[in-house]
Amino acid sequence: MPTTATTIDAHAVAFAARANAWFADAARPLPWRAADVSPWAVLVSELMLQQTQVARVQPKWEAWIERWPTPAALASSPPADAVRAWDRLGYPRRALWLHAAATEIVERHGGEVPRDLDALLALKGVGPYTARAVAAFAFGDRHPVVDTNTRRVIARAIEGRASAGAPSPARDLAAMAALLPRDPADARAFNAGAMELGAVVCTARAPQCDGCPVADLCAWRAAGSPPDDAPRVRTQARYEGSDRQARGAVLKSLRDAAPLAVPLDEVLPEWPDPAQRERAIASLISDGLAEASDGVLALPG
DNA sequence: AAGACGTGGCT
DNA sequence: TAGCCAAGTCT
């Protein structure tokens with residue numbers, strides 16, 4: 001099927017060229033995209049950006065990089081400091097992962113963030129997305145980078161569907177690889193541009209198709225923008241009253257008290273559900289986000 | 001491999 | 001405003 005392949009390829013080339021032209025002009029000046037940021041700073045940004053919006057990450061990233069400009073700097077601080085600096089960014093285990101990754105980088109990679117995909121994947125908190133993002137954005141290597149924005153852009157513009165289906169790393173990577181420009185610098189820009197397009201134009205709720213740089217190439221638009229027919233992939237559990245909320249509250253009390261430990265019976269004494277409070281404390285200890293000793297609870301030293 | 005994991009922005 | 005959604009990863 002050489003004809004089909006040629007057609008698809010030509011469309012991919014046109015699509016990437018258009019996206020890149022738009023990105024060169026419209027990219028937000030995010031600090032971790034500056035030319036002189038270190039691979040470590042990029043790694044920190046990618047961990048912080050997991051399931052977390054840019055606007056919330058930016059100030060935390062600035063402070064973090066100023067305080068811990070290298071993996072060695074972070075590795076020499078106790079995990080408690082990392083958890084405290086993480087503050088309310090969410091998913092605080094990421095602070096622990098970053099600390100563990102910094103330690104690993106110092107011990108096994110001479111203090112330099114590795115460039116190799118497998119070495120990156122071996123780091124705590126670094127999965128298929130983050131490993132490729134670091135390799136592509138920090139080192140300029142040509143890898144497909146696929147996040148939720150990219151998945152949605154491909155689903156719409158290329159596949160003509162309103163939303164992406166269930167994530168499938170192998171399929172998603174292959175779909176992006178088929179669009180990726182040959183030239184590494186162009187590939188790098190397209191990886192970032194596809195994400196940016198999904199983040200600011202081709203959004204989940206209210207896509208701004210007027211002003212979309214690839215509107216005339218978009219398969220979903222060409223099909224009349226049909227509504228989403230697929231069932232919701234994963235419905236997110238209610239947060240109010242959840243164990244997650246209880247964990248968050250316990251951890252906040254530990255951060256607020258740090259560096260002092262908190263007597264166990266003074267940890268959220270008025271929490272409405274005592275059993276839930278116990279579960280929260282136990283699971284935080286189990287995750288390494290808290291430590292208990294002599295009847296007191298504290299952040300991990 | 002389905003579910004757990006924070007917190008806040010946006011519609 | 002209640003609910004969806006967010007630069008995913010781990011177990």
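To find a chain, count down the sequence lines: A is the first, B the second, and so on, and within it residues start at 1.
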### Message
I'd like to check A:Gln50 versus A:Leu47 (side-chain heavy atoms, cut-off strictly below 4.5 Å). Are they in contact?
### Response
yes

### Query
Any side-chain heavy atom of A:Leu96 within less than 4.5 Å of one from A:Val83?
yes

### Query
Relative to the 5' end of DNA chain C, which residue comes earlier, A:Gln236 or A:Tyr91, by the nucleotide with the nearest heavy atom?
A:Gln236

Have a look at [X] and say if it touches a base, only the backbone sugar-phosphate, or nothing, with a 4.0 Å heavy-atom cut-off.
X        : value
A:Thr52  : base
A:Leu251 : nothing
A:Arg244 : base
A:Arg132 : nothing
A:Gly127 : sugar-phosphate
A:Val126 : sugar-phosphate
A:Thr130 : sugar-phosphate
A:Leu121 : nothing

### Task
Answer with yes or no after comparing the ring centroid distance for A:Trp68 and A:Trp40 against a 6.0 Å cut-off, counting only values under it.
no

#### Entry: Residue closer to the 5' end of DNA chain B, A:Ser283 versus A:Ala55 (nearest nucleotide)
A:Ser283

### Task
Using whole Å, report how far CH2 of A:Trp32 lies from P of C:dA7.
11 Å

### Task
May I ask you to verify if any side-chain N or O of A:Gln51 is less than 4.0 angstrom from the OP1 or OP2 atom of C:dG8?
yes

### Message
Taking 4.0 Å as the cut-off, does a side-chain nitrogen or oxygen of A:Arg88 come that near to OP1 or OP2 on B:dG8?
### Response
yes

### Within one Ile-Leu-Val-Met-Phe-Trp-Tyr cluster: A:Leu289 and A:Ile281, side-chain cutoff 4.5 Å
yes

### Query
For the side chain of A:Arg93, counting heavy atoms from C-beta on, which of B:dG9, C:dA7, B:dC5 is nearest?
B:dC5

